[in-house]
Amino acid sequence: MAANSATQLAELDFQGIKDNLITFLQGQNSIKDYDFQGSNINTVLDVLSYNTYLNNFYLNMVANEMFLDTAQNRDSIISHIKELNYVPRSYHSAKATLDLQIFPSEKQSIITVPKYTPFTTSINGVSKTFTTQDAITITPRVDLLNETAYIANNVPVYEGKVVEEIFVVNSSNTFTADISNKEVDTRHLSVIVRESSVSSVNTVWTKATTLFGLTSSSNTYFVEPAKGDKFRVTFGDGTFGRKPVNGNLVEIKYRAGTGISGNNGKVFVNSGSIDGHSNVAVTTVANSIGGLEIESINDIKFNAPRAFQVQERAVTANDYKILLQQEYPQVTNVLAFGGEQLTPPRYGKVVLAVDLADSDGVPESLKQSIAQFFKDKTPVGIDVIVVIPEFLFIEATGTTYYNLTSTTQSTAAIQTKATQALAAYASTNINGFGVTYRDSKALTAIDNSDVSITSTQLDIRVYKKLQPSASLKQSYAIDFNNALAVDDILHSTSIKTTYKSAIESTLFTYGTDSSAFFVDDGLGTLKIVKTDSSDKLITLLSSAGTVHYDTGKVDISSILIPAYVGLNVLIKARTFNKNIKTTKASILQLNAEDISIAVVPERV
């Protein structure tokens with residue numbers, strides 16, 4: 001047999017495989033002059049090539065599924081993460097917080113709100129059901145009118161249908177019970193084990209995430225992922241955790257939620273009576289948030305190795321970030337630092353500055369939940385404090401010029417591209433902790449969004465939101481942490497449209513004037529002014545505070561602002577440097593609604 005050094009062993013293309021077979025056969029002395037295009041042998045070669053092609057494809061896919069990095073099949077990924085002791089996130093039911101007041105026809109010693117009491121709301125025209133997680137006992141109290149009231153404050157309710165499944169323990173499922181519903185929220189499983197179908201003796205079993213502290217008598221269960229996007233409840237082996245015995249009945253109750261579609265429920269009503277009382281007032285304390293879909297393949301690949309790395313312990317700042325975003329995926333940004341960096345220092349504390357998706361604040365209930373979550377994961381003597389980060393917002397106004405002769409696109413299309421390019425730059429490079437807005441890179445992003453764009457000019461201001469008291473005089477301190485630009489001095493003849501103030505606010509009510517606003521005078525004094533019919537600035541209060549241009553700190557003296565335009569008073573500032581930075585626990589953010597770019601065509 002002749003040697004054949006031309007054989008390609010790594011060929012994956014069908015025609016390439018067939019050509020390699022022909023080359024190999026042509027190298028054999030006995031059949032080297034054979035016509036390999038003849039119908040019979042050509043069919044044989046097709047079959048051989050097809051079989052080889054399928055084997056190559058199959059082996060390539062098998063090899064890919066052997067590793068977490070390259071696996072594509074979810075069931076394969078689930079198998080790999082079990083080795084890392086990682087449980088992927090299930091569906092998360094959205095959570096709302098309600099205040100309940102019940103008006104019984106007669107005085108009651110107590111009123112009980114049962115577990116799984118339903119409340120309904122409408123979200124985007126679709127009715128959603130929320131239920132309580134635990135039973136609540138309401139005792140009478142005396143309200144401000146000296147009347148007996150039955151009130152439950154800050155009651156958490158969760159979206160989803162309550163489902164119950166029953167499993168009989170036998171030789172085939174002694175340790176496992178597969179939950180049939182993919183939409184299960186595994187955070188709120190209720191597992192009860194009864195001795196038998198005819199027995200009323202039952203025991204509540206609790207969820208365990210580790211073997212530490214478990215004994216043969218511990219009534220605990222574990223949750224692990226199963227095939228087909230489902231989850232499985234497993235039990236102890238008699239050494240670590242009690243082992244159910246044949247004939248036991250396992251009753252599992254859970255919610256099947258709808259994920260993100262349960263978010264933003266605002267108005268809730270009770271469905272039916274509560275403990276026999278139908279006159280119930282429901283007040284929404286916090287709209288529903290936190291609804292999430294099942295963890296995606298990409299997120300599992302990213303989170304599983306990192307969860308294995310921290311081993312359910314929070315020591316370094318990165319440990320806190322990994323654990324927090326694993327447990328609370330609605331947290332988009334998190335910064336962890338020691339309490340000794342606060343002013344004044346708070347030793348023995350870890351501060352978590354948390355930013356939620358589509359929200360500028362963090363509900364008090366979530367703060368408490370996060371602090372409780374880290375209780376058994378931090379070193380002894382370390383407590384977690386959850387704070388809302390400060391936001392420094394950017395307002396971008398500009399003009400983009402483009403060449404008419406190099407494009408057939410409309411002005412509106414160019415404007416959309418320029419605006420989207422700046423928003424994309426912000427999403428990728430800022431909108432987070434410890435970042436810097438760089439003006440040159442923002443301009444480059446806009447200019448590169450279309451070949452017809454010739455240049456762009458941006459006017460950048462920063463602002464902070466102020467929510468003043470409508471009934472009390474208060475002082476306010478606002479720190480922009482960037483030096484401010486001083487380009488003008490306020491005079492009695494200054495016109496609003498031409499006066500370049502370092503500080504300017506949106507409108508609010510001062511005294512009897514509803515169109516007042518703050519400006520600085522260029523000399524370090526903050527004033528309250530309004531405009532007259534000729535747009536001239538009229539001073540209403542000559543000294544409303546001080547402005548420190550070198551540090552960007554603004555101190556507003558004690559003042560009453562009973563009303564203002566919009567949801568907040570915006571305090572806007574022009575910075576000396578167009579590259580804008582933030583402090584450690586501050587988020588720099590440029591939102592799409594704060595971008596305004598005009599487009600001007602020109603012929604070049």
Side-chain angles (χ1 to χ4, degrees), residues 93-122 127-164 166 185 187-195 198-207 219-221 249-257 262 265-290 363-373 375:
S93 298
K95 173 188 174 184
T97 305
L98 309 177
D99 281 347
L100 307 179
Q101 183 168 5
I102 300 175
F103 302 91
S105 57
E106 298 178 352
K107 285 189 176 182
Q108 305 287 321
S109 57
I110 62 169
I111 294 177
T112 301
V113 181
K115 184 176 183 177
Y116 301 129
T117 295
F119 298 84
T120 59
T121 186
S122 180
S127 179
K128 299 288 183 180
T129 299
F130 286 67
T131 55
T132 55
Q133 176 59 24
D134 299 298
I136 302 168
T137 300
I138 302 175
T139 55
R141 68 173 78 169
V142 178
D143 63 15
L144 296 176
L145 299 177
N146 203 31
E147 295 181 354
T148 302
Y150 299 83
I151 299 173
N153 296 117
N154 299 317
V155 176
V157 292
Y158 300 86
E159 187 270 333
K161 180 177 66 173
V162 178
V163 179
E164 182 177 26
I166 298 177
D185 185 344
R187 299 174 302 166
H188 300 145
L189 289 178
S190 172
V191 177
I192 295 175
V193 177
R194 292 169 54 191
E195 289 188 356
V198 296
S199 173
S200 60
V201 178
N202 61 67
T203 308
V204 176
W205 291 41
T206 58
K207 181 179 178 180
N219 293 326
T220 55
Y221 68 89
L249 258 64
V250 178
E251 301 175 357
I252 300 178
K253 255 187 180 180
Y254 58 87
R255 285 184 188 84
K266 299 178 180 179
V267 179
F268 293 80
V269 295
N270 63 300
S271 303
S273 62
I274 295 178
D275 201 11
H277 308 288
S278 57
N279 191 357
V280 180
V282 181
T283 304
T284 303
V285 177
N287 295 348
S288 61
I289 60 172
E364 191 62 34
S365 59
L366 182 58
K367 289 183 185 180
Q368 296 173 1
S369 176
I370 292 173
Q372 185 62 37
F373 170 71
K375 275 286 187 184

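Atom OH of Tyr150 is separated from atom CG of Asn279 by 13.0 Å, given to the nearest 0.5 angstrom. One finds the NZ atom of Lys367 at 9.5 Å from the CD1 atom of Ile370 (value rounded to the nearest 0.5 Å). Note that CD of Glu251 and CH2 of Trp205 are 13.0 Å apart. Values are rounded to the nearest 0.5 Å. The NZ atom of Lys207 sits 6.0 Å away from atom OH of Tyr221, with the distance rounded to the nearest 0.5 Å. The distance from atom CD1 of Ile110 to atom CG of Asp275, rounded to the nearest 0.5 Å, is 7.5 Å. Put simply, CD1 on Ile274 and CD1 on Ile111 are 9.0 Å apart, with the number rounded to the nearest 0.5 Å.
Of the possible polar contacts, none joining the Thr220 side chain to the Thr206 backbone as a donor-acceptor pair under 3.5 Å is found. Side chain of Ser288 to backbone of Gly262: a donor-acceptor contact under 3.5 angstrom is found. Using modelled atom types, one side-chain atom of Ser199 and one backbone atom of Val201 make a donor-acceptor pair closer than 3.5 Å. Checked by atom type and distance alone, the side chain of Ser122 never pairs as donor or acceptor with a backbone atom of Ser127 at under 3.5 Å. For the pair Asn153 (side chain) and Asp99 (backbone), a donor-acceptor distance under 3.5 Å is absent. Not a single donor-acceptor pair under 3.5 Å links the side chain of Asn270 to the backbone N or O of Phe119.
Counting heavy atoms from C-beta outward, Val163 and Lys253 have side chains that stay 4.5 Å or more apart. Residues Ser190 and Lys115 form a side-chain contact, since some pair of their non-hydrogen atoms from C-beta on lies under 4.5 Å apart. At least one side-chain heavy atom of Leu100 sits less than 4.5 Å from a side-chain heavy atom of Val282. Counting only heavy atoms from C-beta outward, the side chains of Thr121 and Phe130 approach each other to under 4.5 Å. Annotation: side chain of Val113 is in contact with side chain of Ile138 (closest heavy-atom distance under 4.5 Å). No side-chain heavy atom of Phe268 sits under 4.5 Å from any side-chain heavy atom of Lys128. Side-chain contact between Ser93 and Arg255 is present, with at least one heavy-atom pair separated by less than 4.5 Å. Side-chain contact between Val250 and Val191 is present, with heavy atoms from C-beta onward closer than 4.5 Å.
Open room surrounds NZ on Lys161; 12 or fewer heavy atoms of other groups in view lie less than 6.0 Å from it.
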Task: Stepwise side chain to side chain contact (heavy atoms under 4.5 Å, CB included) test for Thr112 and Ile136 - done: CA-CA 6 Å; Thr112 301; Ile136 302 168; over 6 Å; no
Open item on the list: Assess the residue pair Arg141 and Thr148 against the criterion (side chain to side chain donor-acceptor pair (under 3.5 Å)); give the C-alpha distance rounded to whole Å, side-chain angles, the decisive distance to 0.1 Å, and a yes or no.
Closed with: CA-CA 6 Å; Arg141 68 173 78 169; Thr148 302; over 6 Å; no
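Taking the ring centroids of His188 and Tyr158, they lie under the 6.0 Å cut-off.
Shown here are the side-chain contact (heavy atoms from CB on, under 4.5 Å) partners of Ser365, two or more places apart in sequence or in another chain: Lys95, Thr97, Pro363.
Across every non-hydrogen atom of Pro118 and Thr131, the tightest pair is CA-CG2, 3.8 Å. Of all heavy-atom pairs between Gly257 and Glu159, the closest is CA-OE1, 3.6 Å. Nearest heavy-atom pair across Thr284 and Lys266 is OG1-O, 2.6 Å.
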